[in-house]
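Ligands are counted one by one from 1 in listed order, and the atoms in each one are counted from 1 as well. Small disclaimer: the values here were computed from a predicted structure and weren't measured. We count residues from 1, following the sequence as given.
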Amino acid sequence: MQPKGLSAKTVLADLKKIHNMDQQYANGRILCSMCTTPHPLAKKAYQMFFESNLGDSGLFPGSTQIEKEVVHELATLLQGENAAGFVVSGGTEANLMALLAARNIAKIDRPEVVLPKSAHFSFTKICNLLSLKPVYSRVDSSFRVDTLDVEKCISKNTVAIVGTAGTAELGAIDPIDKLSEIAIRYNVYLHVDAAFGGLIIPFLPNPKPTFNFSLKGVESITVDPHKMGMAAIPAGGILFKNAKTLDFIKAETPYLTDKVQYTLVGTRTGAAAASAWAIFKALGMEGFHKNAGTCMKNTKMLADGVEKAGFKIVVEPTLNIVAFRSRNTKGLSESLMAKGWFVSYVPRYDCIRVVVMPHVKSKHIGEFLRDLVEIEKGKKLI
Ligand code: PLP
């Protein structure tokens, strides 16, 4: 730190320069992110609740009410009217809280968790932190977990099974209804990671897969407003079907206005929760349906264009993610990056993955397809 402070003008000018180094969602070039430009109201709401700390709720009863209402909205959407939960830092913390609860409920010496091979990498961290042994089950040709294999993976040490409603890489939705039946049959905790899918699947046209609390075996669901909910980061969400489950993850807080805390993060902003609240109110079900419809329409436009250009789609998109290959997929991804398109290359499926978030408009897809065709025609692979 320098000895004397700088003027606000200088600080802001420096910050602006640095901020310009960041990519902006609005330019439509970020095709690899599951986050997006927050809804315009999110910014206003965030600023309003800028100082609040949900980790000391006695000081911030308004923010606490906001969090409760966001949780209630999410719970109602996922048919868990009595569910309890929190707005947390993201899908990682939400998944961690779920598996912490499952482990503590089971109280087993060498706890194991059955995960689809396609599970998000956050579970690797979580298994490390909680000393859980991950047991991976196979996925089928559509990249959904093979439920027969899940059954084979269950042992006397299994404390939980996990299913994903919208995998990060391909947007696949595991057969949560079948996992729910297995969970009931084996009397094991089922957690659903719907960090990405939770705020788009309910808004897809019927018939749509069921992944929510209407399935008796589902004990908890991760659903992140800062992904398809267009809220400001950090707005993850965790819901527990039964409020009593919270007893298994509580910690006493001796000097705060609260007597106990349940989240991993202690001091946590109420601003992100307020941004989610504002969006839910402003959009309503109608707005979310419209958003999902537009994202899926653009996804189809991209998938059709990619196929027409001669590339191979890895799997028909279920959600707003398109994954495709060429003869030299990695080279193609590098050429696209060189042209300013931020795409992800996924080594385990040898594919390029594009997430068609709300900031990716049809005009951006048109430009992307033109560049893709040009690269392929000129074989300008770098
Ligand atoms: N689960 C899924 C399915 C995800 O897609 C992600 C992130 O993309 C996560 C968990 C982790 O979420 P976060 O990065 O908000 O911690």
- Residues E367 and K361 bridged, charged N to O under 4.0 Å: no

- K290/E286 ion pair, N-O < 4.0 Å: no

- Heavy atoms from other residues, nucleotides or ligands near CG of N82 exceed 12 (cutoff 6.0 Å): no

Present, as a list of atom pairs with distances to 0.1 Å, all nitrogen or oxygen contacts under 3.5 Å between ligand 1 and the protein.
from	atom 1	to	atom 2	distance (Å)
ligand 1	1 (N)	D193	OD1	3.2
ligand 1	1 (N)	D193	OD2	2.6
ligand 1	12 (O)	G91	N	3.3
ligand 1	12 (O)	K227	NZ	2.9
ligand 1	15 (O)	G91	N	3.0
ligand 1	15 (O)	H226	NE2	3.0
ligand 1	15 (O)	K227	NZ	2.9
ligand 1	16 (O)	G91	N	3.3
ligand 1	16 (O)	T92	N	2.8
ligand 1	16 (O)	T92	OG1	2.6

- Task: Name all residues meeting the salt bridge (Lys or Arg N to Asp or Glu O under 4.0 Å) criterion together with K300; count only those two or more places apart in sequence or in a different chain, and write none if there are none.
- Result: D304

- Item | N328 and S326: side chain donor to acceptor below 3.5 Å | no

- Message: Count I, L, V, M, F, W, Y as connected when their side-chain heavy atoms are under 4.5 Å apart, and connections chain through other members. Are I173 and L148 then in the same cluster?
- Response: no

